[in-house]
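See below for the structure under consideration.
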Number of protein chains: 2
Amino acid sequence: MARTTEPLDSKKPSSRKQRGATTILDVARRAGVSPMTVSRVVNGEKNVRPATRAAVLAAVKALSYSPNPAARSLAGAEAARIGLIYSNPSAAYLTEFLVGALDEASRTSVQIMLEKCEATSAGERGAVRKLLASGAAGVILPPPLCESHDVLDELKITGLPTVAVATGRFGKEASCVRINDYAAAREMTNYLLGLGHRRIGFIKGHPNQTASIEREKGFLSALAEAGIKHDPVLMVQGYFSYRSGLDAAETLLTLKQFPTAIFAANDDMAAAAVSVAHRKGLDVPRDLSVVGFDDTSIATNIWPELTTIRQPITAMAEIALDLIVQAIRTHKRNGEAKSVDHLVTYSLIKRGSAAPPNLPKTQPKPAAE
Amino acid sequence: MARTTEPLDSKKPSSRKQRGATTILDVARRAGVSPMTVSRVVNGEKNVRPATRAAVLAAVKALSYSPNPAARSLAGAEAARIGLIYSNPSAAYLTEFLVGALDEASRTSVQIMLEKCEATSAGERGAVRKLLASGAAGVILPPPLCESHDVLDELKITGLPTVAVATGRFGKEASCVRINDYAAAREMTNYLLGLGHRRIGFIKGHPNQTASIEREKGFLSALAEAGIKHDPVLMVQGYFSYRSGLDAAETLLTLKQFPTAIFAANDDMAAAAVSVAHRKGLDVPRDLSVVGFDDTSIATNIWPELTTIRQPITAMAEIALDLIVQAIRTHKRNGEAKSVDHLVTYSLIKRGSAAPPNLPKTQPKPAAE
DNA sequence: CCGCTAGCTGGTAACGCTATCAATATATCG
DNA sequence: CGATATATTGATAGCGTTACCAGCTAGCGG
């Protein structure tokens, strides 16, 4: 009676042409479980013991397994299509984000539909509708769209599962994947304070993104905690773009009492600040320390390389995709899925753009506490 | 002897969900033939009697049968998985490239597998093998990998169809999608000459990419044609990175007789040149014109915006995907597909970073022709 | 009229995955 | 502590199609 269950071993003539691709069976064998269990893990179902899941995941990674979408759709699972709307974040950010999303997409074999949209209300709503029309079962929103009320509203009407990435705060309209911007900004500020800086300029991010606000709050909180009375002229508005950073840095560096350090709310603006400083004959970091936020590729493509907060963008995109896939699944079964808030860890990366202040120069003695 | 062949009638509990679609089996039943014969007819094979063929065709029409692509690809090993290897091009470039590739991928429902690789020989070869192991049936190579001998060699061994994007020249190892770098560089140079520039600095691209060389040749050719004897100190080596552009521009702008314009072989280096110029107190474009190449997002994210050559990156990625899909198809049937060279049109985009030279200043009178 | 080669046609077995349900392990409870 | 719930895993059976090969039907030379 065991005759039907022996396809796995030796006597396999394997008449048909051998295609190299690793199959679910290879993974199962390697992980020491049944193909069914692998399927469950890959599809993010929950009734799998953590240890088993880990073993499977390891095997998946080791064999770089990617499910065959044809087989999957044949077997009855519809191919999940998920939409990804972007407007114009920094190119560096988007690239890393896409890489993560795509990688995970090929692992779980979901189809990603990209949709670019204009930054207008109509453009944003239009993009959502278009995605919907193409059969998206869920939507991922990288910044800055993750905070657009137009997009969020439109999405809420449709009831589609949504995951926002890198918002500053968790709101229940959508699940989100983010770091603790507040804490990260505090940590960076404390680092600068530890280096001896007392007069620190801050270039704010775009005002309608909560992440900007959290970063600003973190900065101010660290300052307050250190007992430093903050000079409001040192807070300059920026909009996350390189260009806006140029203007902001210009403002900061024409101040009568200018700062010994500048903390920009993202790397693009920090890079701009470095450029302005150079243009004014200031050496970074000798005359001015500059730090950024995000650790996108621009951080290491300029000189000196930027001390910054590393956000694991690629990983965040992967997580976002996972969340959305799960959400779609529950959405399909139960109908109701509650939003989750997924915090990932950031880290402070020390590079060459920050150093202790070089006080003697044209600088008046800072009024330290 | 007919006992094994009765799954078609009555006693079918049909446990699984019933999807309405008519299958090859329905057609076979209706035409009174076996599914296999229907398959043959549908696929236009020849060994079918005309009468049989007609009957099948009639049944197909009557039931408006259309083959299930998933099943077809599963059975026929028509694995439409294509690999995309990247190392580290500029972030802006990769983003646009991915956008195009993905868009086309979802349109033709092929699966894209991304693979990042280190810029070492081992890394590159490893990436190819990994892709192969995951069942890639073809590979797309964006720059700079499109010229890596390691990758190309490894690919040649496997015999996988390959499409290189944005190489400078067409080589028969792979199909390619590109612009005419030589002509584009010529056109840009002529534009600068037309503005009145006579002393033009050139920041070269990475020496092991043919596109760099073509651009350089186009530049020199335009100069020669205009009867300008070129000063070799105005040609500086760059490597396509922002950082290398910084060094190159520094070199150019500390020359005793420095140029009134700088033509960088890509936008990143041009952006760096702008930054260096600013740092030296030079106004762009009043004191120095700077032009780039590619029209990636950095071109419009700095100030002044860059006059540059627009490469339709997104469209090129789409075309590349199309070519590879076609190549895979022929590869599977005949075994031999010859490489094609697909040229797309570029365009010169005039923005704010170039203007007629402002001779009087600290500049010695240029030794025009 | 027989043995044979060709030409058609059909049977069988995958392709790689998941739905379903049975089996087993673990947890909960009276 | 046994028994009943619950969580986890596995076995089986297709999903719709094509590859491969065996069988059958004619057509043909001898």
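In what follows, every heavy atom counts, from backbone to side chain, and hydrogens, waters and symmetry copies are set aside. Order of the sequence lines sets the chain letters (A, B, ...), proteins ahead of strands, with each chain counted from 1.
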C/dG16 C1' sits how many Å from A/Asp26 CG, rounded?
11 Å

Give the nucleotide from the list D/dG16, C/dG11, D/dT17 with an atom nearest to the side chain of B/Met36.
C/dG11

Closest to the B/Arg72 side chain: C/dG16, D/dT17, D/dG10?
D/dT17

Judged by nearest nucleotide, the residue sitting upstream toward the 5' end of DNA chain C, B/Arg40 or B/Ala71, is B/Arg40

Can you tell me if A/Thr162 uses its side chain to pair, donor with acceptor, with the backbone of A/Leu160 under 3.5 Å?
yes

Return the value, rounded to whole Å, for the distance between atom CG of A/Leu25 and atom P of C/dC15.
10 Å

Using a 3.5 Å distance criterion without hydrogens, assess whether the side chain of B/Asp153 forms a donor-acceptor pair with backbone atoms of B/Asp150.
no

Could you walk me through whether A/Asp322 and A/Glu104 pass the side chain to side chain contact (heavy atoms under 4.5 Å, CB included) check?
CA-CA 8 Å; A/Asp322 265 2; A/Glu104 186 64 16; 2.8 Å; yes

Contact check, residues 48-59 of chain A vs DNA chain D, heavy-atom distance under 4.0 Å, returns A/Val48, A/Arg49, A/Thr52

May I ask you to evaluate whether A/Asn47 reaches the phosphate of D/dT8, defined as a side-chain N or O under 4.0 Å from OP1 or OP2?
yes

Test item: A/Asp103 side-chain N/O and A/Gly100 main-chain N/O as donor-acceptor pair under 3.5 Å:
no

Indicate whether OP1 or OP2 belonging to C/dT9 is found under 4.0 Å from a side-chain N or O atom of B/Thr37.
no

Strictly below 4.0 Å: does B/Ser34 bring a side-chain N or O up to OP1 or OP2 of C/dG10?
yes

Quick check: does any side chain N or O of A/Ser175 sit under 3.5 Å from a backbone N or O of A/Val163, one acting as donor and the other as acceptor?
no

Among C/dC15, D/dC15, C/dT18, the one nearest any side-chain atom of A/Ser39 is C/dT18

Quick one: B/Leu74 CG to C/dA13 P, roughly how many Å, whole number?
18 Å

Between C1' of D/dT9 and CZ of A/Arg29, the distance in whole Å
18 Å

By nearest atom, which of the nucleotides C/dT18, C/dC8, D/dT8 is closest to the A/Ile24 side chain?
C/dT18

Option passing side chain to side chain contact (heavy atoms under 4.5 Å, CB included) with A/Leu102 (candidates B/Ile112, B/Leu114, B/Leu84)
B/Leu114

Do you know which of B/Glu154, B/Glu115, B/Glu124 makes salt bridge (Lys or Arg N to Asp or Glu O under 4.0 Å) with B/Lys130?
B/Glu115

